[in-house]
Amino acid sequence: MPVITLPDGKQLSFDGPVTGRDVAMKIGPRLAKDALGVKVNGEVKDLGAPIAADAKVSIITYKQRDGGVDADGLLMLRHSAAHIMAEAILRVVPGAQLVYGPPLATGFYYDIRFPDSRPLKEGDFAAIEEAMKAIVAEDRAFTRHEQAKADCLARLKSEGNKYKVDNAERAIAADGSAPLTFYATGEPGKNFEDLCRGPHVPSTGRVGAIKVMSLASSYWHGDENSDRLTRVYGTAFASQAELDEFLKQKEEAGKRDHRVIGEKLRLFHIDKDVGQGLILWTPAGSIVRKELQNFIGGELRKQGYTEVFTPHIGSLELYKTSGHFPYYKDSQFAPIIERNALEELSKSGCSCAEMMNRVEGVSARLAAGINERTGAQTITPDRVKPDDQLIEGFMLKPMNCPHHAKIFASSPHSYRDMPARLAEFGTVYRWEQSGELNGLTRVRGFTQDDAHLFCTEDQIPGEIQGCLSLVKVIFATLGMKDYRVRVGLRDPDSNKYTGTKENWDKAEAACLAAAASLGVPFSQEPGEAAFYGPKIDFVVKDVIGRDWQLGTVQVDYNMAIRFDLSYTGPDNKPHRPVVIHRAPFGSMERFCGVLIEHFAGAFPTWLNPEQVRVLPISEKTNEYAAKVEAALKAAGVRVTTDYGNDRIQGKIKVAAEQKIPYLLIVGPRDAESGAVSLRIRGQEKDAGSMPLDAFVAAISAEIGERRAELTVKV
RNA sequence: GCCACUUUAGCUCAGCGGUAGAGCGAUGCUUUCGUAAAGCAUAGGUCCAGGGUUCAAAUCCCUGAAGUGGCUCCA
């Protein structure tokens with residue numbers, strides 16, 4: 001006799017086992033009709049699932065009472081849509097093997113292995129969608145049935161789908177007591193069936209609108225050495241109107257994409273003749289970047305940083321010392337080998353493999369030093385080569401830290417002058433896979449607003465706090481509120497980390513305390529630490545919904561040991577410093593990309609490449625327009641004048657599309673009174689007229705204070 | 001790197017076996033204008049590159065490059 005407790009506390013009792021459908025029916029037939037599923041003690045289930053014991057139950061409908069869409073209901077609907085798509089795809093490509101098809105926040109996908117002779121192409125979408133529509137129109141019930149494990153495995157094996165066999169085996173391994181279930185889209189034995197845990201909506205007709213979105217390749221189990229699968233993305237809603245709205249929003253977001261705006265506003269250029277993933281900053285984009293650099297430069301001076309400059313390359317030996325080479329060689333540009341060495345190797349008939357072996361070799365002296373300092377066999381004997389076999393060379397720098405370590409080491413340090421804070425807008429180069437490159441957000445050459453803080457153990461918490469306050473100032477000034485904070489901690493089960501347990505505990509505690517003091521939610525992610533220390537990352541989403549890491553603060557116990565850095569303590573003995581790596585923007589390229597999307601190209605005045613445009617009504621006021629322009633230039637404002645012979649409407653339209661904050665319309669009336677007619681970006685109407693002097697003063701204040709909003713008023 | 005798609009004028013795109021098109025932009029002329037595009041004219045192309053099929057290729061086939069969406073990776 002289960003007693004069902006509803007969300008409002010009301011209790012219903014039944015004579016025997018009931019289903020969600022029975023509960024809904026008892027509340028009201030309308031609810032029973034709208035119900036997609038049921039939540040029993042917090043667990044989402046099929047509407048028809050039996051409820052045997054007392055439970056807290058809520059009925060899942062698509063629409064919530066407040067008019068919003070229920071997240072659980074939407075996921076159920078999309079999971080069901082994935083089954084419908086799978087059935088449709090199997091009709092179009094009979095030999096395909098289904099692998100795994102989960103719902104997502106924006107839709108769903110199904111990983112499928114297609115026969116090599118019959119890959120899925122976008123040209124197949126129309127046929128798939130037609131088949132999906134037919135399945136939805138048939139309004140077949142999703143029917144769950146359990147099968148004994150042995151029978152299930154035998155059945156899947158006889159179907160010859162090793163992926164589903166694997167799914168079943170994994171499900172058994174994860175929970176040996178739970179039954180394996182199939183869902184038939186209709187009648188078992190007659191209609192399409194898929195091994196699936198569920199839950200599903202009652203019938204295919206409840207999926208109102210469904211669309212195949214795109215194709216991608218994926219790897220089985222996410223392992224690039226395993227089978228390559230085709231991932232088919234789709235999305236589904238309860239109604240066509242919602243699908244249309246979703247597609248429209250997607251299109252609108254696309255217009256805010258930094259690559260689109262960057263092209264339109266001529267902020268940057270990527271040229272395949274220069275190279276993939278290499279950014280050319282145009283004059284307009286350079287202004288944005290330079291203003292950001294000036295801004296952070298001022299903050300750094302306030303925090304007692306000192307600026308350094310270092311070259312774009314360094315010797316291979318430097319990176320063998322730091323450990324970057326060859327450990328990370330797959331994501332670095334290939335080494336630059338000296339010409340003499342290359343010629344000699346070529347003459348001696350040295351093979352490429354042998355050459356790489358010798359390039360990666362380490363001298364006995366270097367190996368002994370590092371092994372002694374790290375107290376482990378950090379450099380294994382097989383990498384040690386006789387000096388006369390070593391090949392010298394250089395690398396484009398993948399990190400700035402080795403150079404900065406050498407600057408620190410170049411002079412003696414006392415505990416009295418710690419910490420040393422060395423800052424540099426340092427450009428680094430990394431060999432990103434070609435498929436990963438993406439506008440400004442993933443590139444092969446980028447400039448970090450980098451700094452390394454060489455500090456004592458005691459100074460770590462304070463220095464981390466200082467770094468975070470820097471990030472906070474930046475985000476606040478730019479009005480960026482939509483970011484999340486991730487604290488990367490060590491994986492307790494791994495031994496890949498360097499440094500002692502005590503130091504790690506202290507550093508992790510310092511990071512967590514600092515993150516907590518930020519006043520924004522943060523996640524702790526074990527296993528996400530760098531091998532040399534914990535870190536705090538700032539992550540934002542782009543218009544397409546992808547995560548990008550911007551600012552980062554990392555504690556490093558490793559570098560000072562490898563470079564044998566020290567300072568003299570109060571005991572007059574040498575001590576190891578700890579290094580904090582930090583880059584509040586992360587990379588200037590990525591940050592600017594995210595910033596373009598954040599502002600949709602409409603930058604605050606201090607950042608906008610062109611701050612004011614003067615628009616003479618006709619040639620008759622060209623002379624006055626020139627005077628206005630000169631007055632603004634004298635005040636340091638970035639201003640141009642549109643002397644074209646367009647009508648004023650045309651000039652306004654063009655300037656508005658270029659997102660210029662302030663337009664000054666000047667005609668005979670303004671010239672007479674020494675005034676300007678103001679038009680403010682984002683406002684549909686003329687803001688009125690004001691004296692030129694007043695405008696110059698107002699905009700200068702706005703720029704000087706780096707205000708996020710347009711504040712000039714008539 | 002993997003899979004699919006894309007690549008035509010500065011930009012956005014049409015053309016899809018018969019020899020290059022539009023809109024915007026640029027330039028020139030007319031207009032001298034008061035708040036989101038006045039009119040006319042002109043210039044502008046190795047149709048991504050290289051091979052092939054064909055009487056004929058921007059168009060069909062092959063190879064490569066770059067871009068896009070995902071996968072994997074990201075010190």
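Below, chain A is the first sequence line, B the second, and so on; all start at residue 1.
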Fill in: Side chain proximity check, A:L278 to A:I270, heavy atoms < 4.5 angstrom
no
Worksheet item: So, do A:D542 and A:V594 sit near enough that their side-chain heavy atoms are less than 4.5 Å apart?
Response: no
Looking only at N and O atoms, is any donor in the side chain of [X] or the base of [N] less than 3.5 Å from an acceptor on the other one?
| X | N | value |
| --- | --- | --- |
| A:D670 | B:G34 | yes |
| A:R442 | B:C73 | yes |
| A:N645 | B:U31 | yes |
| A:S331 | B:A75 | yes |
| A:N438 | B:U68 | no |
| A:S217 | B:C2 | yes |
| A:R647 | B:A36 | no |
| A:S677 | B:G34 | yes |

Worksheet item: At under 4.0 Å between heavy atoms, what does A:A656 touch on the DNA or RNA strands: base, sugar-phosphate, or nothing?
Response: base
Worksheet item: Can you tell me how far OG of A:S322 sits from CD1 of A:I370, rounded to the nearest 0.5 angstrom?
Response: 8.5 Å
Worksheet, complete the sentence: Which of B:C5, B:U35, B:A75 is nearest the side chain of A:Q649? It is B:U35
For nucleotides [N] and [M], find the distance between their [atom1] atoms and express it as a whole number of Å.
| N | M | atom1 | value |
| --- | --- | --- | --- |
| B:A41 | B:A36 | C1' | 26 Å |
| B:G18 | B:A57 | P | 11 Å |
| B:C48 | B:A14 | P | 13 Å |

Practice prompt. Assess A:R444 against A:W431: is NZ or CZ under 6.0 Å from the centre of the six-membered ring, and within 45 degrees of the ring's axis?
Written response: yes
